[in-house]
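Notes for the one structure printed next.
The chains referred to below are lettered A, B, ... by the order of the sequence lines, with proteins before strands, and numbering in each begins at 1. Note that the structure is a prediction, hence the values are computed from the model and not measured.
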Amino acid sequence: MMKAMNTSLIDMRDIGKTYGGRDVETRALNGIDLRIEKGEFVSFTGPSGCGKSTLLSLIGLLASFTSGRYRFDGLDTAVLDRDARARIRNRRIGFIFQSFNLLSGLTAAENVALPLHRRGNLGPAEIEARVETALEKVGMSHRRRYLPSQLSGGQQQRVAVARALAGRPALVLADEPTGNLDSKNAKKVTALLASLNAEGAAVCLVTHDAGLAAQAPRTVELLDGRMVADQVNRG
Amino acid sequence: MRLSADLTLALRLPLGKPFATAATAGLLAGCMGLALFTFSFLYALLDGEDARLNRFLGPFQAAIASESNNWEVIIFIAGNGFALLILFLACVNVGNLLLSDAGKRSREMAVQQALGATRRQLIQQLLWESAVVCGFSSIPGILAAGWALELVNASALLYFEEPLRLGLPALAVFCVLLPATVVLAAWLPASRLIQTDIEEALREDAAPPGNNRLYGLLVSLQVTMIVVMVFTALVFAMAVYRGRGAQPHGLPNTLVAEFTAADPQFIGSLYRRLSESDAIDDVVLRSRIGLVTLKGKQALVLGYAGPLHRLGIRLLEGRSLGPGDEAVVLVNQNLAWQLRGDKLILGRFVNLYNREYRVVGRVADGDAGAAFGVSEQIPIAYLPFSQAAPSITSVVIMHGGQEKQAREVLARFVDGKVPYRVERHRDRADFGMALTRFGLQVLTALGCFALLLTMAGIYGLTADAVKRRDREIGLLRALGTRDGQVVWDIVREGFRVMLPGLLIGLLSVSVIALSLQNLLPRSLFLFCALATTAIVVAVVSVATWLPARGAVMPEPHEALRHL
């Protein structure tokens with residue numbers, strides 16, 4: 001797989017996504033052209049059902065598009081098999097979900113370590129060091145042995161952020177990361193996303209919250225599966 | 001992913017659902033113990049002299065090709081087959097239990113996939129989970145099997161020459177069963193979870209994942225298995241109940257006196273005096289001469305004198321042996337089949353101990369052998385008693401109800417010259433067949449246990465399928481569908497899925513019926529098939545009705561809330 005020089009991190013051309021079977025089809029995304037450069041911070045907004053989360057899934061290689069072309073850091077994703085996609089997700093992408101999605105049987109530290117273990121090329125000492133650093137960054141190292149059920153929603157989301165940043169990803173995808181949090185915890189998580197971006201990771205943030213979206217330097221607005229605005233936020 | 005991390009996950013994740021884990025471990029321990037106990041017990045049944053003979057003869061020829069049945073071998077094969085099927089059913093149930101919270105599990109897997117886990121890594125993790133549960137379960141399973149064998153040893157009902165124990169053959173079986181169980185128990189969750197649509201599973205309102213084709217396949221498979229097991233158990237139970245094969249003809253008013261290493265001349269003299277006594281109706285002498293190899297297989301050679309039909313062994317053609325006979329032989333049906341197939345045997349010569357014997361008669365396979373510690377349903381050559389060397393000789397005395405007098409006459413004639421032991425023929429036959437009968441009862445018990453497991457398995461699969469439809473069911477009820485109609489639809493769906501399994505099962509049992517055709521009359525095979533169908537239909541009805549009933553218990557708005 002050839003990698004072009006000076007490529008965008010995300011390069012989508014005329015992307016479409018259709019759900020459904022033989023009889024009924026639902027077009028979730030239509031004609032999406034999107035480029036995101038390395039280190040960019042982009043927010044995605046729009047009403048419910050406009051296709052924000054679907055777009056994020058396509059960007060994160062969690063789902064396949066039905067038309068168009070998508071290059072991730074110069075790699076044509078259409079030719080990648082499931083395992084190759086999994087490897088890219090593991091090494092290049094960090095995910096933060098609205099409902100945290102921590103594994104309930106594992107402690108905070110083990111949840112953070114999980115994708116690092118799956119990587120297969122990191123020794124226990126390095127994993128341990130990365131986990132410790134990540135938990136310290138989000139202010140959760142004192143809760144490293146706690147199970148998710150013993151943590152508040154805000155704390156769980158901070159652990160989820162630590163899990164995303166421990167892999168040192170090139171891209172962080174956050175789907176409504178503050179949707180289940182109170183305003184105080186929402187601010188903490190937003191600040192963490194900003195610091196991740198400051199360290200060089202591109203961040204894609206899906207949110208309903210216009211205030212939060214406005215904090216990103218760039219906002220993409222979707223409506224009925226189409227991009228209706230792509231604007232730079234001032235200030 | 002490193003082994004330690006996989007193992008950590010495998011150890012931690014089941015702790016999140018202690019009930020399901022405990023139930024899984026208990027079920028596996030029970031089934032593993034049952035399989036090991038069944039194997040050890042039935043192996044011990046085989047481990048006698050006759051059994052070694054049977055093995056040389058080839059179990060299938062003796063049990064299937066001829067008109068007789070080699071019960072020890074049949075029970076060994078069927079019992080272990082049952083135990084393996086039960087273990088398989090247990091694995092399906094374990095898979096169900098591991099998926100007891102399929103929605104949550106599916107989300108866990110989706111999260112791991114989103115974080116970059118490959119399918120191989122997830123399968124590896126599921127195998128570790130299964131290995132942890134199966135590994136821990138096998139310890140109490142082995143202990144339970146050992147204790148059950150000790151219990152059999154301690155019971156006075158059954159006698160084995162050597163105490164039962166978990167020997168090397170059982171451990172070898174365990175070494176094969178454990179990895180097979182690990183893979184089988186992991187298969188169902190893997191087939192369900194690995195194919196999960198990550199995007200769908202990560203949604204807040206995601207429905208538990210499902211696979212209708214897999215549901216149908218598993219239900220059909222379980223129904224096929226249970227049809228085969230219930231039918232076989234019913235046939236065996238009927239055979240025992242009807243007194244053919246496994247229930248020996250304990251002869252009434254008959255004593256068996258056993259002499260060890262007595263002089264043949266003394267036995268011959270005793271035989272004449274007993275025959276002339278007024279207190280005794282008939283006397284038959286019977287002595288074991290040894291084993292010979294005929295056409296590459298072994299046959300038992302017995303010496304006898306007296307009316308063989310009094311032992312329930314009918315003369316089918318030719319003549320019986322009489323005083324003064326030499327170099328002639330009677331063969332039983334089994335041996336005749338072995339030597340000549342369906343061709344004429346009379347007049348042919350058989351070489352026994354480097355001497356040619358002419359076949360003068362063919363007799364039926366008898367049922368009385370259990371009283372003498374051998375199965376008379378194996379190939380047997382009957383020689384005149386005068387050919388017998390000093391060995392264990394049984395003097396069978398028919399006394400017409402005067403048992404006390406017959407015993408006195410016998411004691412008077414023996415006059416303390418040689419040691420002997422005398423018992424009723426019926427008691428000896430009962431004792432001789434006790435293990436075989438117990439083996440059949442074990443088979444029947446295994447069949448009942450399998451029935452319960454199948455019910456639990458189909459219940460679990462149906463409950464899972466119904467759970468995936470709870471919103472649809474809620475909507476249907478909200479739109480006015482009666483609860484009874486919803487229940488009936490689910491039960492009918494269960495029957496639709498069951499039908500292929502039932503048909504395949506019935507086809508399989510027709511093959512089994514052909515193999516065991518001499519056990520029962522055809523009408524009873526038909527009865528067994530009908531009874532099996534009725535039992536399986538009843539089990540499937542209950543197993544599908546219960547979850548269907550559960551689906552209409554909540555108010556419709558509760559299901560609709562998630563729409």
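Using a 4.5 Å cut-off between heavy atoms, A:Arg91 makes no contact with chain B at all.
Scanning residues 151-161 of chain A against chain B with a 4.5 Å non-hydrogen threshold yields no residues.
Between the A:Lys17 side chain and the A:Ser64 main chain, a donor and an acceptor come within less than 3.5 Å of each other. With A:Arg226 contributing its side chain and A:Gly31 its backbone, the two residues share no donor-acceptor pair below 3.5 Å.
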Pair A:Lys52-A:Asp175, salt bridge (charged side-chain N to carboxylate O under 4.0 Å, His left out): steps then yes or no: CA-CA 9 Å; A:Lys52 303 184 297 286; A:Asp175 190 357; over 6 Å; no
Start with the C-alpha distance between A:Glu199 and A:Lys137, add both sets of side-chain angles, then the distance that settles salt bridge (charged side-chain N to carboxylate O under 4.0 Å, His left out), and finish with yes or no. CA-CA 12 Å; A:Glu199 286 172 18; A:Lys137 262 186 191 166; 3.1 Å; yes
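Applying the 6.0 Å contact sphere to CG of A:Asp224 captures no more than 12 heavy atoms from other residues, nucleotides or ligands.
Partners of A:Ala129 by side chain to side chain contact (heavy atoms under 4.5 Å, CB included), not counting sequence neighbours: none found.
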